[in-house]
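Heads up: the structure comes next, in structure tokens.
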Amino acid sequence: MNDERVPDSPTDDDLPEQMRVRREKRARLLAAGVDPYPVEVPRTHTLAQVRASYSELAPDTATGDRVAVTGRVMFIRNTGKLCFATLREGDGTELQAMLSLNKVGEDALSAWKADVDLGDHVFVAGEVITSRRGELSVLADEWRLAAKSLRPLPVAHKELAEETRIRQRYVDLILRQQARETVRNRAAVVRSLRESFHSRGFTEVETPMLQTMHGGATARPFATHSNALDAELFLRIAPELYLKRCVVGGLEKVFEINRNFRNEGSDSSHSPEFAMLEYYEAYATYDSNAVMTRELIQEAALAAFGSLTVTLADGTDYDLSGEWTTLTMYGSLSDALGEEVTPETPVDVLRKHADAHGAELDPKLGHGKLIEELWEHLVGNDLYAPTFVRDFPIETSPLTRQHRSRPGVAEKWDLYVRGFELATGYSELVDPVVERERLEDQARLGAAGDDEAMQLDEDFLRALEYGMPPSGGVGMGVDRLLMALTGLGIRETILFPQVRPE
RNA sequence: GGGCCGUUAGCUCAAUUGGUAGAGCUGCGGACUUUUAAUCCGUAGGUUCUGGGUUCGAGCCCCAGGCGGCCCA
């Protein structure tokens, strides 16, 4: 042990009383030869196993069976010669421990009262019984500390402040069953996605997160530097251009579930670091991949929640069953405006519509952006039931194939759920000459100061020049899928969201 | 980026017009062999986010900043 203090580390005198008391208990135990952090304890059963084995005991039953269990002390009730403690283990299962003077003896009982605090991990061995009130319990003949807690837990029956829940997620997980369930639900959803892909013959790949060019989406990237290459690198904003290289190479059904990074602020539906699912399939189109995306989501709902109707955090039910509504962007916007708009509608007419509906839009926006912003304002934000919106303006969809019959629009859909964008799907643009023109437009925007514009990725174009089969592709935010299925904000679906340093 | 709101004990929150900063739980001491947020008695715990200012006097008013939330862009 090292007694030298780091200059900034607090001395015991600075600590609140409750923390000082626990540190003193730890020191006292060590001095008495008791290890407050033993390397192991001889546990024979989990709390869940005990609960499962003795589910139907009458009150005041003695089974004669001895078990040795562990758990975190969540509540303590002492009555002189008889002590009760509620133990909890990882999955939230609780079991009562009882320490009676005539079973453990005077020394062990007074040590229990003196040494054990709320939050400590303890080991308790004894007979499985039920109390007079019928509570399943372990009546200890032996107990021991498994790990001493040096910080007082927040009071268990008041809701923890949201900031503390996020900054100290470990405390949130200790206290809130819902916090633990959210983590498991997310794992179940991601697992279901993978299984859905595997059952359809897709291959999971991992493509670069450190990229020399940022592309595949329009967003500001995080920039970093490689010392070895002496080159600027970017944390990826999307895996799209690499997944398409895979399709060129003959991996005709590929998917990736991994992190993307966008150098932007966070709010209730955005996080600078977020999990993204993208998948590409040769000979698919935006029609077929819309069907598959719906199936993926429905299969995830069934796998994680057992139903196509999920219960959201506010208690309301949300129906994901059946086929979902499909709109076109221009059609639904025309209906909302009460006047026909098309890809030919001039910018000044669109701007008048924006003014008339109180949408303050950047005067530099062109036709495509104006349409999308107006649509989001007037239609998208109010789409509650799952809805596919199809046929976006071509100029804001640089990686998407032009519509096979309708000029000016792209074969692209967005999936909206409860007013936010959950996924997007394309019939992919595979003509390398047209793709080069689109990326050159993007590069011009970038040169003009648009720091969200894509860069011109020559290697990607070279790959396309070898010939990419007609393909459909989809991107879906995994955090947002959890939001859609649970009604939680994005910072609840992410275990450790970004927070400003304390 | 703009506007509004919040920031007080370990946790959740009070504090009247600017006049001694309180409660519950937690903690500490004590009683209690069937409790379930145990109960009862006693008791401790504060740089009121930070820094300036006004005032006889500031948790409260003013200025600047930090952190957080909501709304808008």
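So that the names make sense, note that chain A is the first sequence line, chain B the second, and so on, each numbered from 1. The structure displayed is predicted, hence computed values, not measured ones.
For B:C32, neither phosphate oxygen OP1 nor OP2 lies less than 4.0 angstrom from any side-chain nitrogen or oxygen of A:K113.
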Atom pairs and distances, donor-acceptor, side-chain atoms in residues 481-494 of chain A, under 3.5 Å, two or more places apart:
unit_1 : atom_1 : unit_2 : atom_2 : d
A:T486 : OG1    : A:L482 : O      : 2.6
A:T486 : OG1    : A:L488 : N      : 3.2
A:E492 : OE1    : A:R169 : NH1    : 3.4
A:E492 : OE2    : A:R165 : NH2    : 2.7
A:T493 : OG1    : A:I490 : O      : 2.9

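Between the base of B:U12 and the side chain of A:E159 there is no donor-acceptor pair shorter than 3.5 Å.
Between A:R22 and A:P152, the residue anchored closer to the 5' end of RNA chain B is A:P152, taking for each the nucleotide with the nearest heavy atom.
Taking 4.0 Å as the cut-off between side-chain N and carboxylate O, A:D441 and A:R444 count as a salt-bridged pair.
The nucleotide whose nearest atom lies closest to any side-chain atom of A:T164 is, among B:U12, B:G10, B:A44, B:U12.
Regarding A:L109, its CG atom lies at a distance of 12 Å from the C1' atom of B:C32, rounded to whole Å. Following rounding to the nearest Å, A:R23 (CZ) and B:C28 (P) show an atom-to-atom distance of 15 Å. As rounded to whole Å, 14 Å separates atom P of B:U26 from atom NZ of A:K25.
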Mark up nucleotides 33-40 of chain B, 5' to 3', with B wherever a protein heavy atom is under 4.0 angstrom from a base atom, S wherever such an atom reaches only the sugar-phosphate, and - elsewhere. BBBBBB--
For every nucleotide of nucleotides 67-73 of chain B, 5' to 3': is a protein heavy atom under 4.0 Å from its base (B), only from its sugar-phosphate (S), or from neither (-)? SSSS--S
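From A:F392, atom CZ reaches atom OG1 of A:T328 across 10.5 Å, with rounding to the nearest 0.5 Å.
In this structure B:A37 sits in no base pair that meets the Watson-Crick or G-U test at under 3.5 Å. Across all strands shown, B:G1 pairs with B:C72; the Watson-Crick or G-U wobble distances both stay below 3.5 Å. The partner of B:A64 is B:U50, by the rule that a Watson-Crick or G-U pair needs both atom distances under 3.5 Å.
For A:S137 and A:Q96, the side-chain atoms include at least one donor-acceptor pair closer than 3.5 Å.
Between A:W375 and A:Y416, the distance separating the two ring centers is shorter than 6.0 angstrom.
Contacts of A:R184 classified as side-chain hydrogen bond (donor to acceptor under 3.5 Å, both in side chains), with partners at least two apart in sequence or in another chain: none. Partners of A:Y318 according to the ring-ring contact (aromatic ring centres under 6.0 Å, His included) rule, which considers only residues two or more places apart in sequence or in another chain, are A:Y384.
Remark: side-chain polar atoms of A:H367 are paired, donor with acceptor, to backbone N or O of A:T345 under 3.5 angstrom.
Residue pairs satisfying the salt bridge (charged side-chain N to carboxylate O under 4.0 Å, His left out) criterion with at least one member in residues 131-153 of chain A, sequence neighbours excluded, are listed as follows: A:R51-A:E135, A:R66-A:D141, A:R66-A:E142, A:D117-A:K148, A:D120-A:K148, A:E142-A:R144.
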